[in-house]
Engineer: 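One structure, pasted below without further comment.
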Amino acid sequence: MKTPESFNFIEDIINQDIVLNKNNKRVETRFPPEPNGHLHIGHAKSICLNFGLAAKYNGVCHLRFDDTNPTKEEAEYVEAIKRDVKWLGFDWGKHLYYTSDYFDKLYVCALELIKKHKAFVCHLSPDEIRQYRGTLTHTGQNSPYRECSIDENLKLFEGMRMGEFEEGSCVLRARIDMSSPNLNMRDPVLYRIIKNTPHHRTGTMWCIYPSYDYSHPISDAIEGITHSICTLEFEDHRPLYDWILNELSSFVCCHPKQIEFARLNLTNTVMSKRKLLELVAVGYVTGWDDPRMPTISGLRRRGYTPEAIRKFCEAIGVAKANSVVDIALLEHCLREDLNLRSPRVMAVLNPLRVVIDNYPEDKHEELDAENNPEDPDMGSRKILFGRVIYIEQNDFCEQPPKKFFRLSPGQEVRLKHAYYIKCAAVIKDEEGKVVEIHCTYDPETKGGWSKDSRKVLGTLHWVSAEHAIPAEVRLYSSLFIKPNPKEAEDLNPNSLIKCTALVEPCLAKASVGSQYQFLRHGYFCVDIDSAPDMLVFNQTVALRDSWAKTQKEIQ
RNA sequence: UGGGGUGUCGCCAAGCGGUAAGGCACGGGGUUUUGGAUCCCGCACUGCGAAGGUUCGAAUCCUUCCACCCCAGCCA
């Protein structure tokens, strides 16, 4: 994490540009998603970076949909992306753009390149283009169409636009250098023909579409972007980005600076659109918003907060080294945020029936329970106590290991907000499994305090058998077993475990999305699958569990 | 084997010639009506991919080497 005085390398560049009075000290960035899929936590890094930089330098950040390939893009994704960016807490204001807004301008620029003899229509087949391009170690060969006259090219390109050629029969190419060691400079494709696939915004108005390499620098320049931030794999494209803007300098007003940074990788998950799509398509997850997915919609449904994600993006820093961030850092940022805002509530996931023998049969009491020890302003609620309660199965052990602070024969524990109890008898089934225990309580310890201030080691959560309501709880762990998953076989078969829990009655009217801490378990939120008669909770993240560590040491 | 990048603690990441920030993870302790939270302490003892060199002084400059990542879509 950076100290307040330290800047990341992009900020260093911006600071220097400001000192040199570049762009009139203006800072303008953009987040340019292609509407061909859903945003994920990796995009969040880019969004936080671009919008964050703009905010920090009193600039603006545009949201621009890079919609130059109708065969892959859909309007539905546009709306989903807007929703996600907004949810993350960023506002593009009036700066919502589409590359397709610039198709006319892009076309005129292409004409200009042709007139300068810097672009030509090439009739080589895709396969031939590949062959002519050469390899990493061998230079390419000039296309036989490279020396066609300007007038001929103008005519042909116009023909392309008019739909006179079939898909794949020809393309517009830049005329740069087939012997360049940088393959991107070997006469790259600027326009290709796409017929029969209407564009989600321009319909059938165009049958030629600009490539990323061609449209991106021009779109940036049109919008007056000062710093065009992208990921590392575009580093090789920067000479082309600059070449295009230099050749078009009389047509576009400014020349943005392309800066590349390392994309985010997280342990135990995958980030590429292809792999995420595969998880959805194969049905390993229920959809893009499955709570196990690293998509923004998945994280949102899981119960992540925008604040936690932003904090995380701040914590991981921005640099050029390829890296894989430990998912534990994301979870740390999440807990840090949820700890302060989540009301505490009791839920028993694996119930064990407890009868308190010396508690009157028909009696029940209302007890006070604070909603959040971190925040007194969140107030308190009443909880109901009675003769029969449920505790967690693993909060009882007949023959406890060392350092077991919970209920066992002879050991006194506190029921949170209620009374001290002691185990008096254990009832088992034929197989020897504990099915019920009988306890006695100390009436002098109401609220969980004793006058003699005797110590109890453990405090257990519980619910009243008579009042608790059932709820489905979905427990999640990482989608992949290995920190750096490669194949489907690295998938975690137990990434989702469902169970039926007993929860406090106050949750009966909990609304979808609302977030709670289930005491001693973790943070949970109400899932959209909830029905009036059956709440469904997603485990957002478990509480840190030092007992689990101690147990491992003991073994 | 061409070009472009990157290598600082288990994982991120500051450092920009003056003697290795911070966060996560991990370990120890205090406190605690969540084995939560919180607080304190420890955590790169000539070490910054390696080897040489320049310098009073090098993670920072120079040289050579090594490792890893990206590029041969009419995808972005």
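Labels below follow one simple rule: chain letters A, B, ... track the order of the sequence lines, proteins then strands, and each chain is numbered from 1.
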Engineer: Mind checking salt bridge (charged side-chain N to carboxylate O under 4.0 Å, His left out) for A:E166 and listing every partner two or more places apart, or none if nothing turns up?
Structural biologist: A:K195
Engineer: Could you tell me the separation between the CG atom of A:L543 and the P atom of B:G36, rounded to a whole number of Å?
Structural biologist: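 After rounding, the gap between these two atoms is 8 Å.
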Engineer: In terms of side-chain heavy atoms of A:Q517, which of B:G73, B:C70, B:U34 is nearest?
Structural biologist: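 The nucleotide sitting nearest to the side chain is B:U34.
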Engineer: For B:U38, which nucleotide in any strand shown is its Watson-Crick or wobble partner with both distances under 3.5 Å?
Structural biologist: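 With both distances under 3.5 Å, B:U38 matches B:G30.
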Engineer: All N/O contacts under 3.5 Å from nucleotides 67-69 of chain B to the protein, with atom names and distances to one decimal?
Structural biologist:
from, atom 1, to, atom 2, distance (Å)
B:C69, O2', A:N322, ND2, 3.0

Engineer: Quick one: is B:C75 close enough that its OP1 or OP2 comes under 4.0 Å of any side-chain N or O from A:S211?
Structural biologist: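 Indeed not, no polar side-chain atom of A:S211 lies that close.
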Engineer: Taking atom NZ of A:K403 as the centre, does the number of heavy atoms from other residues, nucleotides or ligands within less than 6.0 Å exceed 12?
Structural biologist: no
Engineer: Give A:K549 one of three labels, base, sugar-phosphate or nothing, depending on what nucleic acid heavy atoms sit under 4.0 Å from its own.
Structural biologist: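 Sugar-phosphate, no base atom in range.
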Engineer: Take the protein atom CD1 of A:I383 and the nucleotide atom P of B:U34, then report the distance between them rounded to whole Å.
Structural biologist: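 A:I383 atom CD1 is separated from B:U34 atom P by 14 Å.
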Engineer: Taking NZ, NE, NH1 and NH2 as the nitrogens, is one of them in A:K275 or A:E278 under 4.0 Å from a carboxylate oxygen of the other?
Structural biologist: no
Engineer: Looking at A:R186 and A:D177, is there a salt bridge between them, counting it only when a charged N and a carboxylate O are closer than 4.0 Å?
Structural biologist: no
Engineer: Only pairs under 3.5 Å count here: list side-chain donor-acceptor contacts from residues 231-239 of chain A, not counting sequence neighbours, and write none if there are none.
Structural biologist:
from, atom 1, to, atom 2, distance (Å)
A:T231, OG1, A:E233, OE1, 3.0
A:T231, OG1, A:E233, OE2, 3.1
A:E233, OE2, A:R263, NH1, 3.3
A:E235, OE2, A:K320, NZ, 2.4
A:H237, ND1, A:D213, OD1, 2.7
A:H237, ND1, A:D213, OD2, 3.4
A:R238, NE, A:E260, OE2, 2.7
A:R238, NH2, A:E260, OE1, 3.2
A:R238, NH2, A:E260, OE2, 3.4

Engineer: How close or far is atom P of B:U34 from atom NE2 of A:H417, stated in whole angstroms?
Structural biologist: 9 Å
Engineer: Taking atom P of B:U34 as reference, at what distance in whole Å does atom CE of A:M378 sit?
Structural biologist: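 Going from CE in A:M378 over to P in B:U34 covers 17 Å.
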Engineer: Is any side-chain N of the basic residue among A:D368 and A:R381 closer than 4.0 Å to the acidic one's carboxylate O?
Structural biologist: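 Result for this pair is no, no salt bridge flagged.
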Engineer: Quick check: any donor-acceptor pair below 3.5 Å linking the side-chain of A:D236 to the base of B:G3?
Structural biologist: yes
Engineer: Classify the nucleic acid contact of A:P33 as base, sugar-phosphate or nothing, counting any heavy atom under 4.0 Å across all strands shown.
Structural biologist: nothing
Engineer: State whether the distance check finds a donor on one side and an acceptor on the other, under 3.5 Å, for side chain A:E374 versus base B:G36.
Structural biologist: yes
Engineer: Taking pairing as Watson-Crick or G-U wobble with both contacts under 3.5 Å, can you name the mate of B:U54, or confirm there isn't one?
Structural biologist: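 In the structure as shown, B:U54 has no Watson-Crick or wobble partner.
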Engineer: Atom pairs, N/O to N/O, protein against nucleotides 8-10 of chain B, distance under 3.5 Å?
Structural biologist:
none

Engineer: Excluding sequence neighbours, so at least two apart, what forms side-chain hydrogen bond (donor to acceptor under 3.5 Å, both in side chains) with A:D452?
Structural biologist: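 Partners of A:D452 by the side-chain hydrogen bond (donor to acceptor under 3.5 Å, both in side chains) criterion, ordered by chain and then number, come out as A:S450, A:R454.
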Engineer: Specify the separation, in whole Å, of atom CZ of A:F524 and atom P of B:U34.
Structural biologist: 18 Å
Engineer: Inspect the contact between A:E370 and A:R344 and indicate whether a charged nitrogen and a carboxylate oxygen are less than 4.0 angstrom apart.
Structural biologist: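 Answer for the salt bridge query: no.
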Engineer: Taking any heavy-atom pair under 4.0 Å as a contact, classify A:V171: base, sugar-phosphate, or nothing.
Structural biologist: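 Result for A:V171 = base.
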Engineer: Using a 4.0 Å heavy-atom cut-off across all strands, classify A:K416 as base, sugar-phosphate, or nothing.
Structural biologist: base
Engineer: May I ask you to verify if any side-chain N or O of A:R133 is less than 4.0 angstrom from the OP1 or OP2 atom of B:C74?
Structural biologist: yes
Engineer: Which residues pass the side-chain contact (heavy atoms from CB on, under 4.5 Å) test with A:C48, sequence neighbours left out?
Structural biologist: A:F90, A:R310, A:C313
